[in-house]
J.: 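Here's a structure for you.
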There are 2 protein chains.
Amino acid sequence: MTATTHLKSLQALEMAIREGTLKAAAGRLGITPAAVGQRIRALEDYLGTDLLLRGRSGLQPTAELEHALADLQAGFTALERVTETLDFQRVSEIHIVAEPDWAELWLTPRLQAFREAHPNILFCINGSGDVPLRLGEPDLRITYGEGPGEPLFRDCYLPVTGPDNLRRIADWDPVLQMEGLPLLHLKSQRGQEDYPGWVQWFDKFGHRQEGPDRGVHYKNARIALEAVRQDVGFLLCGLSLVLNDLETGAIVHPYPASWHIVAPSPYMMQIHNKSGVRPQIQKFIAWLRDMASDTKRQIESMTAPDTPG
Amino acid sequence: MTATTHLKSLQALEMAIREGTLKAAAGRLGITPAAVGQRIRALEDYLGTDLLLRGRSGLQPTAELEHALADLQAGFTALERVTETLDFQRVSEIHIVAEPDWAELWLTPRLQAFREAHPNILFCINGSGDVPLRLGEPDLRITYGEGPGEPLFRDCYLPVTGPDNLRRIADWDPVLQMEGLPLLHLKSQRGQEDYPGWVQWFDKFGHRQEGPDRGVHYKNARIALEAVRQDVGFLLCGLSLVLNDLETGAIVHPYPASWHIVAPSPYMMQIHNKSGVRPQIQKFIAWLRDMASDTKRQIESMTAPDTPG
DNA sequence: TTGCGCGCTAAAGGTAACCTTTACCAAATG
DNA sequence: CATTTGGTAAAGGTTACCTTTAGCGCGCAA
């Protein structure tokens, strides 16, 4: 008895039957439909017999394959259990370096759910977390601005303030609403093109005659938002960072959401050592993409021209 | 649930555990031990954990792997059943073109056993057999003489005659034994360098003064051997073609077997479309190599200098 | 101890398997 | 009839894989 050859062909075949179309199988296998067809064809050529009847509506194993089908499916089911077992056992560390504000206000709150689902994955974000920093490149790097990587989502800047402030200015003349109230700034907004600040906002929407660059400066967004919640003033903040605060009403945006500035750059994700990413990291990346596209949808729906406010 | 990756690594791992050494696993997989090590290492790197403890005397799965081992073995056992089923079901035709004499007197008698073991494999040898000739190159081509391919065995020419003839000349002077008795020739021996004939034999061993090129000429060896059995005369014949006749005593070789001429060329096997040979053809080739090396051994033992006759 | 054999490993390099891309076709669907 | 959906064909690039070669460490015998 000689060892099994054409493992990938058998896998493609099994997946095609399981999924019903080559296209779906391709999706599961992470390759193109053409490749799935090629894999199966290769095995058919090798054996000199057809194995799969390709119909437009569904696939069907030929009589040849029928007799082997049970073993085929049993085999790959067992192997999938193997991978699951091996992955599950593995305690994995994921090291991330990211924009501090984004990490603190977007990533960390969402991460809780992932960590509960994967208790065997430990994190180190910007040098702290479950495990200490190790030497070398981080597994993941999230940056804002021009640079390499894959875009996650594009943020949207708009003014936010505390709920009391909103009530206080509710009956003021819109043109004057913000006059006299303190503007809060982030350090990152100081003279950096990529981070829209009050200067850009007033340029675009008017509403304040002077001093858009004056006010209180905060080192990071968490502190600034703390101040906002206590009605210290107005902050021009990336929407993604305050989605939850807006939801709970801890802070509010006093103007229509259409009065916003789209971030000139998206958040970018760089994956270190792109080929050969460990399965746990793959899981995390997949989750991150999901979360990012959720956020993207939320931002888009909130700032869509036809649904202001 | 994402599809299983590193199939080949898992296969190597399973085989290594099954066989006990990387070397043995490599043999089963048809690759080098280094490759097996690499496959397993690749998976270990991917998972970030060791899977196999390599010891000088035997391999051992690590604790990580222990839990997945049952599924791993079950998986590949099932897949091996798949290949067996698929191969078995397949009715395959093997088309062979070969030296006519060799095909008729060496291959065909031996083929019977193979055909019984593999009733689903049909043959077409030199245009006739179970199935009619098809267009295109034959799967296998057996040639004699210089040419491409893989050597099967090198034949050995020596005189044969019928048992009665042997008795008749037994008490003659060896130098004169063959004088006056007819020499039988094959058409292929006529002026072809590659096929040693009586001329070459007498050049080398004397024993006849004149006319080594005279006698009866036969179109093919089967007819000539028929005549030999009926004591018509002496034939200089490839040993491989008459091994069975010598065994049964239907024909004999009147001189010590050391009085032979080694064929200047071996029989050569060319495999068409070398990569992508169908499994049935692989089985047949493996069998053919076995048979050929059997024959080689028989020829060598019969013609060895220390065991003449 | 030294020398040797055996099995695993490391590094380098070549090749073929594999995948993607692009374009096309045929059936199903509106 | 136009469009969409799913499969196929051909071409081309790259990467995974394998072989080769050399080396290491251990066990065993002299």
Side-chain angles (χ1 to χ4, degrees), chain A residues 2-47 50-62 65 150 271 273-279 282, chain B residues 2-47 50-62 65 271-279 282:
Chain A
T2 177
T4 300
T5 61
H6 294 75
L7 285 174
K8 293 191 152 173
S9 293
L10 288 171
Q11 184 186 34
L13 186 59
E14 194 268 346
M15 193 62 82
I17 288 168
R18 199 198 295 185
E19 293 288 325
T21 73
L22 297 195
K23 192 177 187 190
R28 289 288 300 277
L29 294 171
I31 57 178
T32 59
V36 177
Q38 285 173 10
R39 280 190 184 183
I40 296 176
R41 159 105 33 218
L43 182 57
E44 289 176 331
D45 288 349
Y46 175 72
L47 292 173
D50 283 353
L51 296 171
L52 199 59
L53 297 172
R54 281 98 156 158
R56 210 137 307 281
S57 37
L59 302 171
Q60 206 184 335
T62 63
L65 182 53
E150 159 190 343
I271 303 166
N273 188 16
K274 190 116 188 174
S275 64
V277 179
R278 286 171 287 143
Q282 286 179 349
Chain B
T2 176
T4 300
T5 60
H6 294 74
L7 285 174
K8 293 191 151 173
S9 293
L10 289 170
Q11 184 186 34
L13 186 59
E14 194 269 346
M15 193 62 81
I17 289 168
R18 198 197 295 184
E19 292 289 325
T21 73
L22 297 195
K23 193 180 188 187
R28 287 288 301 275
L29 295 171
I31 57 179
T32 59
V36 177
Q38 284 174 12
R39 281 190 184 182
I40 296 175
R41 169 63 49 87
L43 181 58
E44 288 175 332
D45 288 349
Y46 175 73
L47 292 173
D50 281 353
L51 297 171
L52 199 61
L53 297 172
R54 282 102 157 151
R56 197 139 315 284
S57 37
L59 303 172
Q60 205 184 336
T62 62
L65 182 53
I271 303 167
H272 181 245
N273 188 18
K274 192 117 188 172
S275 65
V277 179
R278 286 172 286 144
Q282 286 180 347

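Here the structure is a predicted model, which is why all the values come from computation and not from measurement. Convention: sequence-line order gives letters A, B, ...; per-chain numbering from 1.
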J.: When you look at A:E44 and A:L52, which way does the side-chain contact (heavy atoms from CB on, under 4.5 Å) test go after all the steps?
T.: CA-CA 9 Å; A:E44 289 176 331; A:L52 199 59; 4.1 Å; yes
J.: Mind checking if B:A42 touches a base, just sugar-phosphate, or nothing, with heavy atoms under 4.0 Å?
T.: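 It contacts nothing in the nucleic acid.
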J.: Which nucleotide sits closest to the side chain of B:L22: D:dG6, C:dC8, D:dC18?
T.: C:dC8
J.: Give the nucleotide from the list C:dT9, D:dG6, D:dC18 with an atom nearest to the side chain of B:I31.
T.: D:dC18
J.: Could you state the OH-P distance from A:Y46 to C:dA17, rounded to the nearest angstrom?
T.: 12 Å
J.: OP1 or OP2 of C:dC19 less than 4.0 angstrom from a side-chain nitrogen or oxygen of A:R39, does that happen here?
T.: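 For A:R39, the contact criterion (side-chain N or O under 4.0 Å from OP1 or OP2 of C:dC19) is met.
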J.: Picking from B:L13, B:D45, B:L59, what satisfies side-chain contact (heavy atoms from CB on, under 4.5 Å) with B:I40?
T.: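 Among the candidates, only B:L13 passes.
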J.: For A:R39 and A:S9, work out which heavy atoms get closest and say how close.
T.: O-OG, 2.8 Å
J.: Using heavy-atom distances to pick each residue's nearest nucleotide on DNA chain D, tell me which of A:G20 and A:K8 is more 5'.
T.: A:G20
J.: Atom CZ of B:R54 to atom C1' of C:dC6: distance rounded to whole Å?
T.: 17 Å
J.: Any base atoms under 4.0 Å from A:I40, or only sugar-phosphate, or nothing? Heavy atoms, all strands.
T.: nothing
J.: Categorize A:T32 for me: base, sugar-phosphate, or nothing, with a 4.0 angstrom heavy-atom threshold over every strand shown.
T.: base
J.: Tell me whether the side-chain N/O atoms of A:R41 come closer than 4.0 Å to OP1 or OP2 in D:dG7.
T.: no
J.: Where the side chain of A:Q38 is concerned, which of D:dA10, C:dA11, D:dG7 is the nearest nucleotide?
T.: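 So the nucleotide nearest the side chain must be D:dA10.
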